[in-house]
Protein chains: 2
Amino acid sequence: MYSNKDKAKEMKDLGCFSEVKQCPTRYVLAVNDTLNVISGKWKLSIIASLIHGKKRFKELERSIEGITPRMLSKELKELEINGVVKRLVHNTRPVLIEYELTESGYRLTDVIDAMIQWGLAHRQAYMSE
Amino acid sequence: MYSNKDKAKEMKDLGCFSEVKQCPTRYVLAVNDTLNVISGKWKLSIIASLIHGKKRFKELERSIEGITPRMLSKELKELEINGVVKRLVHNTRPVLIEYELTESGYRLTDVIDAMIQWGLAHRQAYMSE
DNA sequence: AATATCGATATACAAATGTATAGCAACAAA
DNA sequence: TTTGTTGCTATACATTTGTATATCGATATT
C-alpha cells in the first residue's frame, strides 16, 4: 500500500506538523488549544448553530436536539472563556442576550472543513478494506 | 471588528461546513469520526510519535513522557480499531511487534496542520485583546 | 539459576464529563 | 391574576476517562 520511501518523500511535502521535532512546544500548545476548544459533546453543534448568525439561549436550546440547559450554559461559558463565542447583553427591558461567534470562532471552519474532508476520505478507505 | 455583511460575504467562500444545512448527516458523521479519532489525552502524542516511522510498544512508551502502559495499550487499540494505526506482528522468535500509521493515519496531518494554524492565530488574537 | 526485557493485562481508584429533573427571578400576555 | 417565556442555576447521579501500581508469560542475557 505504502512504502517507506513513499512516506519519506511525502513527509517533506507535509505542513508544519512534520517539523514538530524542530519546533515542538509552540505547535504542541497550538494543537492542544484547538483540541480543547472543540472537545466536548456539544461544542461543534453550538458552533455550527452559530455559523449562520447570532442566536439567543432558547434558540440554541431548540436548535440543538437533546441538549439540556445546563450543558448549553456550561459549554457556552467555556466557548466564551476560550474566545470563540461572544455574549452580547442588550440594554433593553427585559434584557436580551445573544450569542455570536468571534472572528476566531468563524475561522474554526478551516479546522472543521479539514475534519470533514478527512472523515469522508477515511470512511471510504475504512469501508472498502 | 466584523460586520454581518462581511460575514455573509465570507460564508460563500468557506468550505463545505457552511453548507451543513444542505447536506447535514454525511458531514456531521465525518466530523464526529475525526473528533472521536483524535480525542483522548494521548492520541495525538502517539500519532506524532509514529509520524516519523514504525515504533515498538516500549519505544512509544519511552518517547511519550508520562504515559502508562495501560493507557498506551488502550489508546493504541482504539487507534487500531479506528483504522489509524496498524499493528504488525513479525514472525520471529521472540515475536516482534511494531505499530505504524495507516494511510489514513498519515493523512491526519492535514487536520493537525489546520489545528496548528488555528491555534497559533487564535493565541495571537486572544492575547492581543 | 537469577535477572532483565518485551508486550502487555488486572485491579482499584480518582477526576472529569455528561444526564435528569427541578426550580427561580424577571418580566409579558391573556 | 394566572399562565408562559427567557436565561439561566442547583442538586443528584451515572458514565467515561484517566491514574497508580502490581503482575505475568515468554524469552533473552549474565
Original post:
Where is the tightest heavy-atom contact between B:Leu35 and A:Ile38, given as atom of each residue plus distance?
Top reply: CD2-O, 3.8 Å
Original post:
Does a nitrogen or oxygen in the side chain of A:Tyr99 sit under 4.0 Å from OP1 or OP2 of D:dC8?
Top reply: yes
Subject >> Inter- and intrachain pairs under salt bridge (Lys or Arg N to Asp or Glu O under 4.0 Å), touching residues 60-72 of chain B, at least two apart >> reply: B:Lys58-B:Glu61
Subject >> Separation of C:dT9 C1' from B:Lys58 NZ (nearest whole Å) >> reply: 12 Å
Original post:
Between A:Ser128 and A:Gln124, is there a donor-acceptor pair closer than 3.5 Å when you use the side chain of the first and the backbone of the second?
Top reply: yes
Original post:
How long is the line joining CD of A:Glu80 and P of D:dG7, in whole Å?
Top reply: 14 Å
**OP:** Starting from C1' on C:dA16, measure out to CE on A:Met71 and report it in whole angstrom.
**Re:** 11 Å
Original post:
In the 5'-to-3' direction, what one-character label does each nucleotide of nucleotides 20-30 of chain D receive under the scheme B = base within less than 4.0 Å of a protein heavy atom, S = sugar-phosphate only, - = no such atom?
Top reply: B------SS--
Original post:
Expressed in angstrom and rounded to an integer, what is the separation of B:Asn36 atom CG from D:dT16 atom C1'?
Top reply: 13 Å
**OP:** For A:Lys77 and D:dG7, give me the distance from atom NZ to atom P, rounded to whole Å.
**Re:** 14 Å
**OP:** Under 4.0 Å between any heavy atoms, over every strand shown, what does B:Lys41 touch: base, sugar-phosphate, or nothing? Just pick one.
**Re:** sugar-phosphate
Subject >> Closest listed nucleotide, where the reference is the side chain of B:Ser73 and the choices are C:dT9, D:dG18, D:dT6 >> reply: C:dT9
**OP:** Measure up the B:His122 and B:Trp118 rings against each other and bin them: parallel (under 30°), tilted (30 to 60°), perpendicular (over 60°).
**Re:** parallel
Subject >> Length of the CD1-P vector between A:Ile64 and C:dT19, whole Å >> reply: 12 Å
Subject >> Qualifying residue for side-chain hydrogen bond (donor to acceptor under 3.5 Å, both in side chains) with A:Glu98, from A:Arg87, A:Arg56, A:His90 >> reply: A:His90
**OP:** Can you measure from CG (A:Leu60) to OG (A:Ser73) and round to the nearest 0.5 angstrom?
**Re:** 11.5 Å
**OP:** Ignoring hydrogens and angles, tell me if any N or O in the side chain of A:Ser39 forms a donor-acceptor pair with the backbone of A:Asn36 under 3.5 Å.
**Re:** no
**OP:** Measure from CD on A:Glu98 to P on D:dG7 and round the result to the nearest Å.
**Re:** 9 Å
**OP:** Take atom CD1 of B:Ile67 and atom P of D:dG18, then tell me their distance rounded to the nearest Å.
**Re:** 10 Å
